[in-house]
Amino acid sequence: MQYWLMKSEPDDVSIDDLAHRGEVGWYGVRNYQARNFMRDAMQLGDGVLFYHSSCSEPGIAGLAAVSRLAYPDPTQFDPASPYFDAKSSPGQPRWLQVDVRFVARTRLLGLDELRRYSELAGMQVLRRGNRLSITPVTESEWTFITSLLAC
DNA sequence: GCCAACGTTGGC
DNA sequence: GCCAACGTTGGC
């Protein structure tokens, strides 16, 4: 069992969208490091901090869980998709996704607030210039954040 | 295999 | 819209 922070642009898929749909495919990852986390490390039931990025209030907006192991991301084969990859093929898919299911909506735990806790100072998402859309979260970080959000 | 150019991410 | 950070591409 591991824990992850996964970024989504709320204009694309927000925590409310996930709450409404129950489960979504995490399509559109086009970074090898993030893909490898999904392929090699994610397990069913892993905890996910659902993070809203590229928006007016970036931060953690809810909780989710990995509900399906890595499988090919269908958008890579769709010429109409912005995530189309001509160098990928169904026989040799380059990009993968997992499914995540809704667990809870939380208050928005903003980036500014996250930065205030020394317990979270090591989080990858807080590092300057960080762009990785999926990052591992330690058990102590997970425990700290979920207890904050339970209040 | 180096590295400059380029593109993307994402906070501000 | 700006710009820092950094991953990717491609010429050599």
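A note on names: the letters A, B, ... follow the listed sequences, proteins ahead of strands, and every chain is numbered from 1.
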Novice: Mind checking salt bridge (Lys or Arg N to Asp or Glu O under 4.0 Å) for A:Arg107 and listing every partner two or more places apart, or none if nothing turns up?
Specialist: A:Glu113
Novice: How would you list, by chain and number, every residue that makes a salt bridge (Lys or Arg N to Asp or Glu O under 4.0 Å) with A:Arg39, sequence neighbours excluded?
Specialist: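 Testing A:Arg39 for salt bridge (Lys or Arg N to Asp or Glu O under 4.0 Å), a comparison that skips the adjacent residues, returns none.
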Novice: Sort and list the pairs that fulfil ring pair (Phe, Tyr, Trp, His ring centres under 6.0 Å) and have at least one residue in residues 98-137 of chain A, not counting sequence neighbours.
Specialist: A:Tyr117-A:Phe144
Novice: I'd like the 5' and 3' limits of the part of DNA chain C contacted by chain A, with heavy-atom contacts below 4.0 Å.
Specialist: C:dA4 to C:dT8
Novice: Mind checking what makes ring-ring contact (aromatic ring centres under 6.0 Å, His included) contact with A:Phe50, not counting sequence neighbours?
Specialist: A:Trp26, A:His52
Novice: Tell me every residue that passes ring-ring contact (aromatic ring centres under 6.0 Å, His included) with A:Phe84, counting only those two or more places apart in sequence or in another chain.
Specialist: none
Novice: What pairs meet the side-chain hydrogen bond (donor to acceptor under 3.5 Å, both in side chains) rule with one or both residues in residues 61-74 of chain A, with sequence neighbours excluded?
Specialist: A:Glu23-A:Ser67, A:Arg30-A:Asp73, A:Tyr71-A:Gln97, A:Tyr71-A:Asp99, A:Asp73-A:Thr75
Novice: Tell me which residues in residues 120-133 of chain A put a heavy atom below 4.0 Å from DNA chain B, sorted by number, or none.
Specialist: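 When residues 120-133 of chain A is checked for heavy atoms under 4.0 Å from DNA chain B, the hits, listed by number, are A:Asn130, A:Arg131.
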Novice: Can you pull the side-chain hydrogen bond (donor to acceptor under 3.5 Å, both in side chains) pairs that have at least one residue in residues 131-141 of chain A, sequence neighbours excluded?
Specialist: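 Of all non-adjacent pairs touching residues 131-141 of chain A, those that pass side-chain hydrogen bond (donor to acceptor under 3.5 Å, both in side chains) are A:Thr138-A:Ser140, A:Thr138-A:Glu141.
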